[in-house]
Peer 1: 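The following block contains the structure, expressed as structure tokens.
These values consider heavy atoms only, across backbone and side chains, with no hydrogens, waters or symmetry-generated copies.
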Amino acid sequence: MPRKYNQEQIDFAWKLHTQDHMSYFEISKKLGISKATIYRRFRELRGDSA
């Protein structure tokens, strides 16, 4: 199944979280990406499993 959000969008969300210290909730509201997607994609970026 293709991903709805491309890597550029996820990278931008990651920047908001790490550099601008925005919460997952704030990022979700600003970008229209669900918190579940943010959790999952950030976990992938960090290389975490499960």
Side-chain angles (χ1 to χ4, degrees):
M1 176 179 234
R3 296 190 178 229
K4 185 173 180 181
Y5 302 101
N6 65 36
Q7 191 60 43
E8 185 176 313
Q9 291 167 304
I10 299 303
D11 289 343
F12 180 65
W14 180 253
K15 178 193 164 294
L16 292 176
H17 182 62
T18 58
Q19 294 179 10
D20 298 344
H21 307 290
M22 290 181 76
S23 70
Y24 289 179
F25 177 78
E26 292 169 319
I27 294 167
S28 176
K29 289 293 185 189
K30 181 177 182 79
L31 302 181
I33 302 172
S34 76
K35 286 193 304 181
T37 297
I38 293 168
Y39 285 125
R40 184 176 57 255
R41 298 293 297 270
F42 284 6
R43 192 171 55 235
E44 292 170 4
L45 281 176
R46 291 190 307 263
D48 294 349
S49 59

Peer 1: Keeping Arg41 on the side-chain end and Tyr5 on the backbone end, is there a donor-acceptor pair under 3.5 Å?
Peer 2: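 At least one qualifying donor-acceptor pair exists.
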Peer 1: How far does OG of Ser34 sit from CD1 of Ile27, to the nearest 0.5 angstrom?
Peer 2: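 Nearest 0.5 Å value for the OG-CD1 distance: 12.0 Å.
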Peer 1: Please report the C-alpha distance between Leu45 and Gln7 in whole Å, then the side-chain angles of each, then the deciding distance to 0.1 Å, and finally whether the side chain to side chain contact (heavy atoms under 4.5 Å, CB included) criterion is met.
Peer 2: CA-CA 10 Å; Leu45 281 176; Gln7 191 60 43; 3.5 Å; yes
Peer 1: Give the minimum heavy-atom separation between Arg46 and Trp14, together with the two atoms involved.
Peer 2: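 Heavy-atom minimum between the residues: CG-CH2, 3.7 Å.
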Peer 1: Side-chain contact, heavy-atom cut-off 4.5 Å: Ile10 with Arg40?
Peer 2: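 Side-chain contact under 4.5 Å: no.
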Peer 1: For Met22 and His17, which heavy atoms make the closest approach, and how far apart are they?
Peer 2: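 Of all heavy-atom pairs spanning Met22 and His17, the closest is O-ND1, 2.9 Å.
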Peer 1: How close do Tyr24 and Ile38 get, heavy atom to heavy atom, and via which atoms?
Peer 2: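 Shortest heavy-atom separation between Tyr24 and Ile38 comes out as O-CD1, 3.7 Å.
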Peer 1: Could you tell me which non-hydrogen atom of Gln9 sits nearest to which non-hydrogen atom of Leu31, and how far apart they are?
Peer 2: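 Looking at all heavy atoms of both residues, the closest pair is O-CD1, 4.5 Å.
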Peer 1: Ion pair present between Lys29 and Glu26, side-chain N to carboxylate O less than 4.0 angstrom?
Peer 2: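 Judged by the 4.0 Å cut-off on N to carboxylate O distance, Lys29 and Glu26 do not form a salt bridge.
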